[in-house]
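Note sheet for the following structure.
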Amino acid sequence: MLATIPVTKTSSSRMTPELRDNAPFGAVFSDHMLMADWTSGKWGDPTIVPYGAQSIAAAPAVAHYGQGIFEGFKAFPRPNGGAVVFRPQANHARMARTCQRMAMPEVPASIFIDGTMALVQLDRNWIPEKDGSALYIRPVLFATGEPLGVRPSETFRFIIETCPSGPYFSGAVDLLAEETYVRAFPGGTGAAKCGGNYAGSMLAAIEAQKKGFHNVLWLDGIERKYVEEAGLMNVMFVIDGTVVTPPLGGTILPGITRDSVLTLLHDLQVPVEERRISIDEVFEAHAAGRLNAAAGIGTAAVIAPIGRLSHKGRELKLPALSPDSPLARAGVELEAIRSGQIADRHGWLMAI
Ligand SMILES: *Cc1c(COP(=O)(O)O)cnc(C)c1O
């Protein structure tokens, strides 16, 4: 039974099919958003209101000390105006772990999950209908307090906003293994979905782009030797038919897509190894003709094949993902579950 959340509807919907179906990702938000505030040590009642600017402190605590975190997942259209949300409980659980790491109050399911479902239900005409399109759901939680003293804020705001997201054309991504900067290190915040991780990684991406790459391949923060993530995605390699992916363990963001793909690979009886893999091993496997494929894994692209990888002046190229690659097969399986072509055997979909 979902909690009932009060709604103030917009008096002037901005939705037009042209806007919804053609806007570049993140350029337009749907008509409504959910909002809830943490004050005096507890959550206030959530409300759904027209999407728009809100008044906050001149320089809220998030701007000083960085208590700002987020999530990202999608709702997919179903025939007859219905929709399904993919694994909202997993994102809720991940946000709770991020909250703990960042000393922020956890958002209860009655706000995160029920709020998501109510918002998607209300703005369901914003879900694009084209194959591969979705409504992207972005919950954010940030510190709104004003004191300059360094301590956790006493007030926070939680917002869920959504935006239409067209089909993602995942051409191959070209990555430069990063030698100067690191994204994460043991004991740091690499496993938390916090804005600070993104701020700290932007310069590396910009410098890689100047050199003709899309993004960086992150190596571990201690030895700059082991592969950790592909830009803003998790990473998987196929070596001699076995899928190899770095293990979670504090420095890697525990992707819901990564988890889903691993589950489906298991169903498909593909051998999987969650273990450390060095950048040298990747190049050696390629030189020996054993590196079948490599890909970034995440909500936006699901599976983004890596086309070119460079490290210390050496470079390797990979062909397009073949349809019988284990990664391509897991991707097809995931799409079939999301679109309802095959049974939701892992209970991943929540219908509005
Ligand atoms: C969000 C994120 C991912 C992917 O997580 P999904 O839940 O699969 O979208 C991977 N790496 C980083 C750094 C991320 O922030």
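Computation of the quantities below employed the complete heavy-atom set of this structure, encompassing side-chain atoms and omitting hydrogens, waters and symmetry-equivalent molecules. In listed order, ligands and their atoms are each counted from 1.
For the pair R308 and F213, the cation-pi criterion (under 6.0 Å, within 45° of the ring axis) is fulfilled.
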Only distances under 3.5 Å count here; give the side-chain donor-acceptor pairs of residues 18-29 to other protein atoms, sequence neighbours excluded, each with its distance to 0.1 Å.
residue	atom	partner	partner atom	Å
R20	NH1	N125	O	2.8
N22	ND2	E18	O	3.0

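No donor-acceptor pair closer than 3.5 Å links the side chain of N234 to the backbone N or O of E229. For T242 (side chain) and V272 (main-chain N/O), no donor-acceptor pair under 3.5 Å exists by modelled atom type.
Residue-level proximity to ligand 1 for R94 is carried by the side chain, the only part with a heavy atom below 4.0 angstrom. Of the heavy atoms in L232, only backbone atoms (N, CA, C, O) come closer than 4.0 Å to ligand 1. At a 4.0 Å heavy-atom cut-off, ligand 1 does not touch F73 at all.
Looking at Y198 next to ligand 1, an N or O pair under 3.5 Å apart turns up. Looking at ligand 1, you'll find an N or O of T257 within less than 3.5 Å of one of its N or O atoms. Not one N or O of P254 is nearer than 3.5 Å to an N or O of ligand 1, by distance alone.
Of all atoms in ligand 1, listed by their number and element, those nearer than 4.0 Å to a heavy atom of M233 are 10 (C), 11 (N).
Looking at atom 9 (O) of ligand 1, its nearest protein heavy atom turns out to be T299 OG1, 2.5 Å. For atom 2 (C) of ligand 1, the closest non-hydrogen atom of the protein is K193 NZ, 2.6 Å. With respect to atom 11 (N) of ligand 1, the closest heavy atom belonging to the protein is E229 OE1, 2.6 Å.
A pairwise comparison of heavy atoms in L219 and A177 identifies CD1-CB, 4.3 Å as the closest pair. Between P323 and R329 the shortest heavy-atom distance is O-CG, 3.6 Å.
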Test log, rule side chain to side chain donor-acceptor pair (under 3.5 Å), inputs R183 and Y181: CA-CA 7 Å; R183 193 193 84 89; Y181 307 111; over 6 Å; no
